[in-house]
Visitor: 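If you scroll down you'll find the structure; I have some questions about it.
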Amino acid sequence: MYIDRKLKNLSKKIRKLLKYFYYTKHHEIHDPHGQTAVVNLSGSLLNKDMGRYAFVICQLLKFSGFQLIVKVDPDFFAGKTPYKRMLSNQGFKLVRSTGLKPDSISFQVQKRKKKVLSLVYGNHASQQAAVYPLPYPLHPRFYQEHLKPSYFDKFQEQQRTTRIIFSGNFDRKLYSKPLLKERFPGTISRVEALDHILSGHASDPRIVRSTTKEDLYRRLELKPAEQQFIISEARTPDEDWLTILSKGDFYLCLPGVRMPWSHNAIEAMAVGTIPILQYDALFYPPLEHLKNCISYRDFASLDEAIQTALTMDEAQVQQMKSEVLDYYNQHLAIDQTINKIQDFAHSAEETMLLGLPFLEKKA
């Protein structure tokens, strides 16, 4: 039985390699209109969880008007991550080799000289004046097609039924990995923050824990709105996510596994929900406490942030919501990056540095 399993796994690997050689060929730029971009991302961006960023980058180029040729390696076909499937389903040309250096994108527009867009990694590198820092994205599923800005209007106008909400993965092992604190010392992990809130505020009736989808939906439909902080660990359908986010005035934006940024912070701001977070300074430009976010630095200021949100008067909440939407539209919305790429494509510049502040370069 063990031998049969080994043979079966070997057979799968061989089929994936054959698929790799069958579907990928060497291509050079050949487009009389100059609208093809050749993409050579580092292997780490095409593997496992990091494939989400490869997908977003490729989609941004596609939305900017380019046909894509993407260099991949055998590992691209070896996994079954949703991001690899999402990228494969876009119909891009997948190739085995290209003359480009890794972490670079090459294209031409209107018979001008070849332009090269190079990726730089890390928060420090992205702070250089010559670098355009790519905003942390929404979840990749929101980039499967080019969403118009009006897509978020109905969520922004949603009636708010609770003051603060957190909904997300509670996996203790996943969100307790040391990598987060190694890269960003002083960051309070998701598990630490939730443990602190649930134990330190157990007697506060305004802070409630919802463990089922049915209970969460019931609480979010309560009218009139209650000054509550709902902490939900219920699994909910993707199609309900923006509705859930838009039911709260504030969203507690807790860190991801390896970085403070998390997609839910950007998604919250897209629907006009005010972020409560520790990493306001990592935005470009930084978010501002009590203007477009409530920030905290430690457990004591986390407690203060929660109390501030729960007791804030409605006029200030509405003013902050307006500021959050202004910030999102000016700095985070997808069209801001598309415009930046298109401006570069039609400029006299031949090189551009695109920063990924939320990722470190792997050796």
Visitor: For Asp195, enumerate each residue passing the side-chain contact (heavy atoms from CB on, under 4.5 Å) test, keeping only those at least two apart in sequence or located in another chain.
Guide: Arg172, Val191
Visitor: With sequence neighbours left out, write down each residue that passes side chain to side chain donor-acceptor pair (under 3.5 Å) with Gln90, or none if nothing qualifies.
Guide: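 Gln59, Lys62.
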Visitor: For residues 187-219, which residue pairs qualify under ring pair (Phe, Tyr, Trp, His ring centres under 6.0 Å), counting only residues two or more places apart or in two chains?
Guide: His196-Phe299
Visitor: The criterion is ring-ring contact (aromatic ring centres under 6.0 Å, His included); which residues satisfy it with Phe92, sequence neighbours excluded?
Guide: none
Visitor: Under the side-chain contact (heavy atoms from CB on, under 4.5 Å) test, which residues partner Glu145, sequence neighbours left out?
Guide: Leu147
Visitor: With sequence neighbours left out, write down each residue that passes salt bridge (Lys or Arg N to Asp or Glu O under 4.0 Å) with Arg141, or none if nothing qualifies.
Guide: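 Arg141 satisfies salt bridge (Lys or Arg N to Asp or Glu O under 4.0 Å) with Asp238 once adjacent residues are dropped.
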Visitor: Can you sort out the partners of Ser150 under side-chain contact (heavy atoms from CB on, under 4.5 Å), two or more places apart, ordered by chain and number?
Guide: Lys148, Asp153
Visitor: What residue pairs, at least two apart or across chains, pass ring pair (Phe, Tyr, Trp, His ring centres under 6.0 Å) with a residue in residues 310-346?
Guide: Phe107-Phe344, Tyr327-His331
Visitor: Evaluate the criterion side-chain hydrogen bond (donor to acceptor under 3.5 Å, both in side chains) for residue pair Arg190 and Ser176; output intermediate values, then yes/no.
Guide: CA-CA 8 Å; Arg190 180 175 300 198; Ser176 297; over 6 Å; no
Visitor: For residues 281-291, pull every pair meeting salt bridge (Lys or Arg N to Asp or Glu O under 4.0 Å), keeping only residues two or more places apart or in separate chains.
Guide: Glu288-Lys291
Visitor: How would you list, by chain and number, every residue that makes a salt bridge (Lys or Arg N to Asp or Glu O under 4.0 Å) with Asp343, sequence neighbours excluded?
Guide: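 Partners of Asp343 under the salt bridge (Lys or Arg N to Asp or Glu O under 4.0 Å) test: none.
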Visitor: Looking at residues at least two apart in the chain, or sitting in another chain, which of them share a side-chain contact (heavy atoms from CB on, under 4.5 Å) with Arg297?
Guide: Asp280, Ser295, Ser301
Visitor: Quick one: side chain to side chain donor-acceptor pair (under 3.5 Å) partners of His124, sequence neighbours excluded?
Guide: none
